Amino acid sequence: MRHRHNQAQTEHDGCRKTHMTDGKRHEGKHVNKRRRRETKTLLKHMKGFQMLVFPFSLTTSPFPLSHLLPCVCRAFKINELKTEVTNHLTMLEKRVELEGMKVMEIEKCRNDIKKLREEIVSRNNSNFLDDNKKLSPCRAIPSYPTYHLSKETMEALRLPTFDAWQWEPSEMLSCLEHMYHDLGLVRDFNINPITLKRWLLCIQDNYRNNPYHNFRHCFCVTQMMYSMICLCSLQEKFTQMDILALMTAAVCHDLDHPGFNNMYQINARTEMALRYNDISPLENHHCAVAFQIFSRPDCNIFFNFDPEAFKQIRQETITLILATDMARHSEILKTFKQKVDNFDYTNKEHVACLKMVLIKCCDISNEVRPMEVAEPWVDCLLEEYFMQSDREKAEGLPVAPFMDREKVTKSTAQTGFIKFVLLPMFETVMKLFPQIEEVMVQPLRESRDRYEELKQIDDAMKEKKKSENLTMDGEK
Ligand SMILES: [Zn+2]
């Protein structure tokens with residue numbers, strides 16, 4: 001059946017082929033006929049046209065049709081060409097329109113990519129609100145090993161001479177934990193000891209690995225605060241709430257620091273600067289991250305506080321962290337100087353001002369420490385500054401001279417900072433606490449002298465180089 005069917009199919013196909021060949025032939029005949037018919041019609045029209053223009057017989061006319069025909073044909077050809085060109089033009093216009101749309105789409109894609117890039121950069125600048133993955137993992141059991149601090153270590157922790165470079169992060173966590181216990185804060189505020197461990201771990205997680213503004217800096221500032229509390233017997237003058245605020249603000253004061261200062265944030269119009277309207281963007285951010293951490297019950301050392309106490313600790317911590325913005329240095333020190341000669345511990349404003357000065361002292365206290373502990377911090381700070389100024393140069397932003405690797409030297413930077421910032425502040429605090437002179441102010445003076453000597457050597461070297469260059473230029 002299938003075979004027969006196939007045969008029939010072939011026959012049928014064969015027929016179709018013959019018909020097609022015939023068809024083509026027929027078609028050719030038809031075309032010729034049609035052309036003749038068209039020419040006749042054309043001639044008829046021409047006749048009519050000629051009768052209109054030349055109202056006499058075509059045969060007798062002075063313009064025989066045979067003369068006009070090529071012209072008419074040419075006219076028709078031109079018309080055909082015109083149509084063809086118009087069609088082509090329309091097609092081209094459509095293509096241009098399509099290409100234009102493509103260009104617009106590419107431009108839109110480019111803008112989208114740019115926006116995404118900016119979003120990534122801004123998200124890298126801050127993990128606040130959007131990217132709080134560091135805050136999310138919940139550690140049931142704090143994982144750092146608890147070190148049993150020796151008696152010597154506990155004693156050393158109370159002094160400004162403590163060398164933080166000798167300790168691992170987990171050891172620093174144990175030291176911080178010890179300070180909260182030793183000051184009686186865990187006992188007096190009914191802080192859950194496990195929550196304290198978890199909170200400190202979370203704090204460590206939320207400091208970035210910057211050359212300077214990192215967890216070790218957080219530890220140093222808090223340890224200096226602890227040693228000042230001990231040295232100046234602040235627990236006899238302040239309430240435990242004041243002590244808790246001072247310690248907690250010190251721990252949290254640089255949380256999630258991106259390694260680029262407020263000037264950069266403002267000039268580069270970062271997400272952080274936009275959020276805080278250029279008003280202490282970093283310090284506001286450190287506070288916000290701190291209280292985001294406290295919003296987690298398992299990390300909230302204030303969990304057992306009544307609402308009034310929580311309100312107070314929150315307000316005090318915020319005030320203290322915001323006071324660490326160096327842009328406010330002169331304003332805060334000036335206010336303190338006005339109060340220091342008649343200082344009154346029962347006056348809330350006086351106490352609040354002293355606390356702000358204390359956290360400021362601790363924040364910039366490296367030069368109070370022995371030279372071998374203090375000096376590496378200068379290198380760390382300069383490394384962070386140079387990273388910023390290099391980026392500012394690359395982005396065409398203003399560069400502060402004290403951050404510029406072409407302009408700053410260790411000796412000039414430190415001499416000026418100790419003479420004009422550190423000594424005036426510590427000497428004012430010394431009026432209230434004369435005991436800091438020997439252990440804090442004297443080391444500062446020694447450090448100033450050392451850097452001044454270094455500066456003289458640096459300057460002499462520079463002069464020598466300059467004169468050498470001049471001689472070389474002269475010889476040329
Ligand atoms: Zn700091």
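Just follow the structure's listing: the first ligand is 1, and inside any ligand the first atom is 1. Remember, predicted model here, so these are calculated numbers, not experimental data. Here, residue 1 is the first one in the sequence, and each next residue gets the next number.
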Exercise. Sort and list the pairs that fulfil salt bridge (charged side-chain N to carboxylate O under 4.0 Å, His left out) and have at least one residue in residues 360-371, not counting sequence neighbours.
Key: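 Those involving residues 360-371 do not exist here.
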
Self-check item: Distance below 2.8 Å from the Zn ion (ligand 1): protein N/O/S atoms
Solution: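 Metal shell, protein only: His217 NE2, His253 NE2, Asp254 OD2, Asp363 OD1.
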
Quiz item: Does one side chain, of Tyr264 or Glu395, offer a donor that lies under 3.5 Å from an acceptor on the other?
Solution: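 On atom types as modelled, these side chains qualify, holding a pair under 3.5 Å.
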
Self-check item: Lys419: side chain to side chain donor-acceptor pair (under 3.5 Å) partners, not counting sequence neighbours
Solution: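 Expected list: Glu452.
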
Quiz prompt | Which residues share a side chain to side chain donor-acceptor pair (under 3.5 Å) with Glu438, sequence neighbours left out | solution =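 Scan of Glu438 (side chain to side chain donor-acceptor pair (under 3.5 Å), adjacent residues dropped) gives none.
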
Quiz item: Tell me, do Lys339 and Thr335 make a side-chain contact under 4.5 Å, heavy atoms counted?
Solution: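 Touching, per the 4.5 Å side-chain cut-off.
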
Quiz prompt | Asp390/Arg405 salt bridge by N-O under 4.0 Å criterion | solution =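 Yes, this pair counts.
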
